[in-house]
Colleague: 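Sharing a structure, written as structure tokens. Questions coming.
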Amino acid sequence: MNVQDRILSQDLKSKISRYTGIFFKYFSLILFALLILLPLFWVVMSSFKTTLEINADPFALPTKLYFQNYINAWERAEMGTYFLNSIFLTAASLALLIVLAVPCSYTLSRFKFPGSKVISLIFMAGLFINVNYIVLPLHSMLYEFGAAIGVGTGITDNYFTVIVLYATTSLSFSIYLMSSYFKALSPSFEEAAKIDGCGYFKTFLYICAPLALPSILTVILFNFLSFWNEYILAQTFLAVEKSTLPVGLLRIMRESRVSNDIGRMYAGLMIVMVPVLLVYACVQGQLTKGITMGGVKG
């Protein structure tokens, strides 16, 4: 074999290796996409089928779109009430979280004062505490406090309590994410604002907070998913009529098995999933931008 043939053989092997790698990469991506999309398609399809059709063949397409499942889930199973409760709790918890987390992140990342390292360590330690492990002690403490001041279950069965718990249990992660972004901001912005006569509060409010908007949006999106799908706190602290969608979904699943109305259960699943899918589809670009920005600054 001469030199030219040897070079051609090496090029052929290189192309085969490259195309094989590309094939397996796309094959893996398609496989993982199918693993996610097929169950989702199954839920969508089943939500428009009658219980008889689902029991006859779960994988068959519906003969016609049966919208009564959604009416039954929204009205008879009270998913509409749970939906409004989830919107209110999620929006209020996000507002409180941002009010607390953004100034705290800015202060800990920009200023050094006695005890600042200890406070940072305490917040970072909160990353390793799962709220599911402490929900019962929290409920007992708040119930006893309510009994001591004479309000009984007024503290535990209360929207405000759940909102505060949602926001405070997410503070550690939010501060961790935003602190790295504030640290990456150039101090020249604050120096210019100081020259123009801005104090610390105005500098934060009009200069640093708007620059950190991608990071703030990322925190909002992550915690939106967390609050919207949260179950343990809502189940423990709220009465049935005040419950959120995940709690209502469990209720509708139990009732559907007893009443043999499986289509209503799948419709309830769709009511829970659709808002999350829509929000993520609209803001996934901003989510990626918020995560990557602040990592390295030139």
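Just so you know, these numbers use all the heavy atoms, side chains as well, and skip hydrogens, waters and symmetry mates. This chain uses plain numbering: 1 for the first residue, then up along the sequence.
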Colleague: Test your reading of the model: is there a side-chain donor-acceptor pair from Ser116 to the backbone of Phe113, 3.5 Å cut-off?
Modeller: yes
Colleague: Please check this pair: side chain of Asn69 against backbone of Lys49, looking for a donor-acceptor N/O pair closer than 3.5 Å.
Modeller: yes
Colleague: Mind telling me whether Phe111 and Tyr106 have parallel, tilted or perpendicular rings, with 30° and 60° as the class edges?
Modeller: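 Perpendicular, since the angle between the ring planes exceeds 60°.
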Colleague: Fit a plane to each ring of Phe201 and Phe204, take the angle between them on a 0 to 90° scale, and name the class: parallel (under 30°), tilted (30 to 60°) or perpendicular (over 60°).
Modeller: tilted
Colleague: Step through it carefully: locate the ring centre of Phe48, locate the ring centre of Tyr266, and say whether they are under 6.0 Å apart.
Modeller: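 Centroid separation for Phe48 and Tyr266: 6.0 Å or greater.
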Colleague: Is there a donor in the side chain of Glu53 and an acceptor in the side chain of Thr63, or the other way round, less than 3.5 Å apart?
Modeller: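 Side chains of Glu53 and Thr63: pair found under 3.5 Å.
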Colleague: Donor-acceptor pair, Thr236 side chain versus Leu233 backbone, under 3.5 Å?
Modeller: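 No, because the side chain of Thr236 does not come within donor-acceptor range (under 3.5 Å) of the backbone of Leu233.
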Colleague: Any donor-acceptor pair under 3.5 Å linking the side chain of Glu230 with the backbone of Ile232?
Modeller: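 The answer is yes, because a donor-acceptor pair under 3.5 Å joins these two groups.
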Colleague: Return the minimal non-hydrogen interatomic distance between Ser93 and Ile163, and the atom names on each side.
Modeller: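 Minimum heavy-atom separation between Ser93 and Ile163: OG-CA, 3.6 Å.
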Colleague: Has the side chain of Asn130 got a donor or acceptor atom that lies under 3.5 Å from a matching backbone atom of Asn132?
Modeller: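 The answer is yes, because a donor-acceptor pair under 3.5 Å joins these two groups.
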Colleague: Measure from the side-chain N and O atoms of Ser180 to the backbone N and O of Leu177, and report whether any donor-acceptor pair falls under 3.5 Å.
Modeller: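 Judged by distance alone, yes, a pair lies under 3.5 Å.
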Colleague: Is it true that the side chains of Tyr70 and Arg264 contain a donor and an acceptor less than 3.5 Å apart?
Modeller: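 Side-chain D/A pair, Tyr70 to Arg264: absent.
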Colleague: Are Phe88 and Tyr159, when compared by the centres of their aromatic rings, separated by less than 6.0 Å?
Modeller: yes
Colleague: Between Ser243 and Asn85, do the side chains contain a donor N or O and an acceptor N or O under 3.5 Å apart?
Modeller: no
Colleague: Hey, do the aromatic rings of Phe224 and Trp228 have their centres closer than 6.0 Å?
Modeller: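 For Phe224 and Trp228, the ring centres are under 6.0 Å apart.
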Colleague: Do Asp157 side-chain atoms and Leu238 backbone N/O form a donor-acceptor pair below 3.5 Å?
Modeller: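 Answer holds: no.
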